[in-house]
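What follows is one structure encoded as structure tokens, with my remarks underneath.
Chain A is the first sequence line, chain B the second, and so forth, proteins listed ahead of strands; every chain is numbered from 1.
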Amino acid sequence: MSEERSLNFLEQIVEDDIANGVNGGRVLTRFPPEPNGYLHIGHAKSICLNFGLAQKYNGQTNLRFDDTNPVTEDTEYVDSIKADIQWLGFQWATERYASDYFEQLYNFAADLIKKGLAYVDDSTPAEIAALKGTPTEPGKDSPFRSRSVEENLQLFADMRAGKYPDGAKVLRAKIDMAAPNMHLRDPLMYRIKHARHHRTGDAWCIYPMYDFAHGQSDSIEHITHSICTLEFVPHRPLYDWFIEKLDIFPSHQYEFARLSLNYTVMSKRKLLQLVNEGHVSGWDDPRMPTLSGYRRRGYTPSSIRTFAERIGVQKRDNLIDVGLLEFCIREELNKTANRVMAVLDPVKLVITNYPEGLVEELDADNNPEDEAAGHRQVTFSNTLYIERDDFMEDPPKKFFRLGPGLAVRLKYAYIVKCDSFEKDADGNVSTIYCSYLPESRSGSDKSGLTVKGTIHWVSAAHAAQAEIRVYDRLFSVENPASEEGDFKSFINPHSLKVIPNAMVEPALLEAKPGDRFQFLRLGYFCADPDSTPGKPVFNRTVTLKDTWAKEAKKA
RNA sequence: UGCCCCAUAGUAUAAUGGUAGUACGACAGAUUUUGGUUCUGUUUGUCUUGGUUCGAAUCCAGGUGGGGCAACCA
């Protein structure tokens with residue numbers, strides 16, 4: 001008996017609708033991005049919700065670009081958005097644009113004018129704002145509110161024909177200037193913008209507002225469940241009002257709480273600032289919470305889908321711990337990423353009793369979690385590099401690595417014991433001298449010895465060099481957007497550390513951009529497109545869990 | 001001082017009037033040739049006050065707290 005997973009509130013709504021025969025059980029959702037920026041992980045939640053709901057209930061999902069503001073929109077964004085959705089693993093039923101419906105929307109508007117439910121207003125933006133009232137005071141009617149249907153029709157046609165400059169006139173719905181819901185105080189439907197549109201070019205100089213485009217577009221496509229974020233809750237009465245007055249297909253809007261992740265920001269405006277002001281290298285900087293950033297960082301689509309599934313969905317504001325996202329990618333990569341050895345901060349280790357010039361090829365499993373991943377050979381010699389962190393001159397009791405007199409196993413190889421070490425002029429450890437136990441060879445250990453620690457290494461003469469980019473959280477505070485002052489003042493100055501010359505297994509020279517590995521004991525890394533033939537570049541996706549680091553911090 | 005939304009462990013999220021559970025985290029232990037993985041155990045919660053009911057996290061009312069709404073943005 002499989003346990004039935006409980007439904008989230010949106011699934012509950014859909015199941016209720018299906019049970020009640022609403023729309024004959026048909027489910028059609030839509031994902032409606034505005035093409036004015038790149039998709040981020042908050043969008044991923046929405047994408048997973050919209051596409052996931054449709055998949056689960058045998059429905060479909062349209063991709064519809066909400067392109068009603070030509071000033072901020074661009075085809076560059078259209079292309080990136082489509083690529084990101086497909087990368088995430090979803091395919092839309094049809095690709096639509098709100099701009100496809102401009103003619104239809106114009107006719108809808110004319111229809112409302114004829115019904116006496118819309119009027120052309122000559123007021124300035126300041127005048128309109130002044131008459132709008134405040135949340136606690138009712139607004140007042142515009143002096144243009146009582147124009148005749150004929151005059152409104154003519155003026156609206158003249159607006160379309162380009163007879164007026166930007167801002168000279170608007171078309172407003174005639175609802176109620178005293179409505180307690182501000183969105184019902186004669187909201188704007190159309191404004192004049194003599195601007196070139198990325199799709200319709202110069203065909204239009206009037207453009208519909210969001211409120212007069214989104215719900216109508218939903219209706220035109222016969223969307224059954226229009227799912228959006230919480231800030232649109234107060235728009236819903238208006239969404240319903242237009243549909244009712246126009247007497248068109250009744251799509252319904254449902255709202256959920258957008259995703260917030262700690263130690264980052266999620267507004268397109270802020271992300272755009274980070275890009276434009278050079279705080280990051282671009283929309284796909286691996287520190288960015290954009291899908292293109294996560295992709296370059298090494299996150300997989302499935303790990304992001306799993307994350308979206310695990311955070312669930314509700315109507316209360318939330319701040320998700322980025323640790324959950326990290327758990328999701330570790331969980332997947334643990335099973336799928338091949339292990340390899342890389343030394344980020346090398347220090348030389350010489351095995352004094354290992355024959356000079358002798359080279360052994362040792363057997364190494366590629367992934368202990370997956371026997372099918374096979375084995376490889378790693379080259380061993382008397383001079384190695386190990387991680388500087390794996391040696392301490394004066395180690396505490398619980399340090400299971402190298403120090404004077406301490407023994408460790410070299411992964412896949414022998415047990416070595418530290419006999420002495422040297423320092424350079426600056427007082428840094430420069431060479432560690434060890435002796436090895438020939439009978440302790442991995443796989444055929446007859447030494448009878450057990451050691452607490454196993455460390456990774458590369459053979460100095462055989463290692464390749466690589467550039468490693470180590471990332472930390474972009475911001476040093478949990479919720480930069482909620483802090484006083486400029487959010488950019490909370491950028492973590494150590495969010496990127498470049499290691500130009502790490503020593504890695506030579507096989508890594510073959511890595512293709514996008515290839516993912518576990519660097520043993522360090523974390524998961526992904527080859528970057530900046531890699532060149534002799535010099536691969538790796539991004540650290542996420543560290544391994546490190547209980548020693550936690551222990552060390554306590555002391 | 002108007003309208004609207006929301007309130008369950010540290011963070012999320014279940015319990016659909018009937019034993020408050022799960023995941024992540026934290027803590028302790030076992031296993032381990034990755035201080036990884038895996039396994040076991042522990043810890044921590046229904047905002048508050050009333051009401052309805054045999055029985056309330058759930059329904060009702062009042063409070064408190066958080067969030068949203070007054071762009072020719074979406």
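- Ring-plane geometry between A:Tyr207 and A:His197 is classed as parallel, the angle between the planes falling under 30 degrees on a 0 to 90 degree scale with a further cut at 60.
- Between the side chain of A:Glu369 and the base of B:U38, no donor-acceptor pair under 3.5 Å is found.
- Smallest separation of non-hydrogen atoms from A:Asp186 and A:Asp176: OD1-N, 3.3 Å.
- Phosphate contact (OP1/OP2 of B:C73, side-chain N/O of A:Lys193, threshold under 4.0 Å): present.
- A:Lys417 forms no cation-pi arrangement with A:Tyr436, by the criterion of a distance under 6.0 Å to the ring centre and an angle within 45° of the ring axis.
- We find that CG of A:Asn262 is positioned 12 Å from C1' of B:C24, with the value rounded to whole Å.
- Ring planes of A:Tyr77 and A:Trp283: perpendicular class, angle over 60° (limits at 30 and 60°).
- Residue-level contact check: A:Tyr414 touches neither bases nor backbone, having no heavy atom under 4.0 Å from any strand.
- Across all strands, A:Ser267 comes closer than 4.0 Å to no nucleic acid atom at all (heavy-atom distances).
- One P atom belongs to B:U64, the other to B:A26, and the distance between them is 38 Å to the nearest Å.
- Comparing B:U16, B:C69, B:U13 by their closest approach to the side chain of A:Pro234 singles out B:C69.
- The separation of B:C4 from B:U42, taken at their C1' atoms, amounts to 43 Å, rounded to a whole angstrom.
- Residue side chain A:Arg330 does not reach the base of B:U37 through any donor-acceptor N/O pair under 3.5 Å, judged by distance alone.
- Nearest to the side chain of A:Lys315, among B:A12, B:C6, B:C73, sits B:C6.
- One finds no salt bridge joining A:Asp363 and A:Arg376 here, because no Lys/Arg side-chain nitrogen approaches an Asp/Glu carboxylate oxygen to under 4.0 Å.
- Checking B:C69, B:C72, B:U16 against the side-chain heavy atoms of A:Gln12 singles out B:U16 as nearest.
- Side-chain N/O atoms of A:Thr547 include one lying less than 4.0 angstrom from OP1 or OP2 on B:G36.
- Here, B:A15 and B:G63 have their P atoms 29 Å apart, quoted to the whole Å.
- The side chain of A:Arg409 contributes no N or O atom lying less than 4.0 Å from OP1 or OP2 of B:U32.
- Residue contacts for A:Phe327: at a heavy-atom cut-off of 4.0 Å it reaches the sugar-phosphate backbone alone, with no base atom in range.
- Seen from the ring of A:Tyr119, A:Arg147 does not count as a face-on cation partner, given the 6.0 Å and 45° thresholds.
- Contact annotation for A:Gln518: base contact, defined as any heavy-atom pair under 4.0 Å involving a base atom.
- Note: A:Phe519 and A:Phe525 have parallel aromatic rings, judged against thresholds of 30 and 60 degrees for the angle between ring planes.
- A:Arg30 places a side-chain N or O within 3.5 Å of a backbone atom of A:Ile227 that can act as its donor or acceptor partner.
- Take the nearest nucleotide of RNA chain B for A:Gly167 and for A:Thr136: the residue whose nucleotide is more 5' is A:Thr136.
- Counting any heavy atom pair closer than 4.0 Å across all strands shown, A:Tyr412 reaches a base atom.
- Contact annotation: A:Arg521 side-chain N/O to B:G35 OP1/OP2 distance is under 4.0 Å.
- Using atom C1' as the reference point in both B:U22 and B:A9, the two lie 12 Å apart (nearest Å).
- Whole-Å rounding puts the A:Leu520 CG to B:U34 P distance at 8 Å.
- Rounded to whole Å, the distance from CG on A:Asn69 to C1' on B:C72 is 9 Å.
- Between the side chain of A:Arg401 and the base of B:G35 there is at least one donor-acceptor pair of N/O atoms closer than 3.5 Å.
- Side-chain proximity of A:Leu324 to B:C24, B:C27, B:A12: nearest is B:C24.
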Evaluation steps, salt bridge (charged side-chain N to carboxylate O under 4.0 Å, His left out), between A:Arg258 and A:Glu231: CA-CA 9 Å; A:Arg258 59 153 27 103; A:Glu231 69 269 28; 3.4 Å; yes

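- When heavy atoms are screened at a 4.0 angstrom cut-off, A:Pro368 is found touching base atoms of the nucleic acid.
- Note on A:His183: only backbone sugar-phosphate atoms sit closer than 4.0 angstrom, heavy atoms only; bases stay farther off.
- Using a 4.0 Å cut-off, some side-chain N or O of A:Lys550 falls inside it from OP1 or OP2 of B:C27.
- In this pair, A:Trp548 lays its aromatic ring flat on the base of B:G35, centres within 5.5 Å and planes under 30 degrees apart.
- Spacing between atom CD1 of A:Ile329 and atom P of B:U37 amounts to 15 Å, rounded to whole angstrom units.
- In this model, the phosphate group of B:U8 is approached by a side-chain N or O of A:Arg316 to a distance below 4.0 Å at OP1 or OP2.
- Closest to the A:Lys411 side chain, of the nucleotides B:C24, B:U34, B:A70, is B:U34.
- Ranking B:U34, B:A14, B:G2 by closeness to the A:Thr454 side chain, first place goes to B:U34.
- Residue A:Leu7 contributes atom CG, which lies 10 Å from atom C1' of B:U16 at whole-angstrom precision.
- For A:Ser6, counting side-chain heavy atoms from C-beta on, the closest listed nucleotide (B:A14, B:G25, B:G68) is B:A14.
- Closest approach of A:Arg409 and A:Asp445 over heavy atoms only: NH2-OD2, 2.6 Å.
- Applying the 4.0 Å criterion to OP1 and OP2 of B:A74, one finds that A:Thr72 has every side-chain N and O outside that range.
- As judged by a 4.0 angstrom heavy-atom cut-off over every strand, A:Leu319 is placed among residues touching the sugar-phosphate backbone only.
- Distances shorter than 4.0 Å separate none of the side-chain N or O atoms of A:Gln314 from OP1 or OP2 on B:C5.
- The same atom, C1', is picked in B:A70 and in B:G65; the two are 24 Å apart, to the nearest Å.
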A:Asp166 and A:Lys193: CA distance, side-chain angles, deciding distance, salt bridge (charged side-chain N to carboxylate O under 4.0 Å, His left out) verdict: CA-CA 5 Å; A:Asp166 287 7; A:Lys193 274 182 197 274; over 6 Å; no

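- In this structure, A:Met182 atom CE and B:C4 atom P are separated by 15 Å, rounded to whole Å.
- For the pair A:Phe232 CZ and B:C69 P, the interatomic distance rounds to 11 Å; values are reported in whole Å.
- Rounded to whole angstrom, the span from the CZ atom of A:Phe65 across to the C1' atom of B:A74 amounts to 14 Å.
- Side-chain atoms of A:Glu309 do not come within 3.5 Å of backbone N or O of A:Arg305 as any donor-acceptor pair.
- You won't find any donor-acceptor pair under 3.5 Å spanning the side chain of A:Glu137 and the base of B:U1, going by distance alone.
- When heavy atoms are screened at a 4.0 angstrom cut-off, A:Gly443 is found touching base atoms of the nucleic acid.
- Using C1' as the reference atom, B:U31 and B:U44 are 28 Å apart when rounded to the nearest Å.
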5'-to-3' dot-bracket of RNA chain B (Watson-Crick, G-U; under 3.5 angstrom; crossing pairs as [ ]; | other strand): .((((((..((((....[..)))).(((((.......)))))....(((((..]....))))))))))).....

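- As judged by a 4.0 angstrom heavy-atom cut-off over every strand, A:Val170 is placed among the base-contacting residues.
- Rounded to whole Å, the separation between the P atoms of B:U8 and B:U52 comes to 27 Å.
- A distance of about 13 Å separates the C1' atoms of B:G10 and B:C27, rounded to the whole Å.
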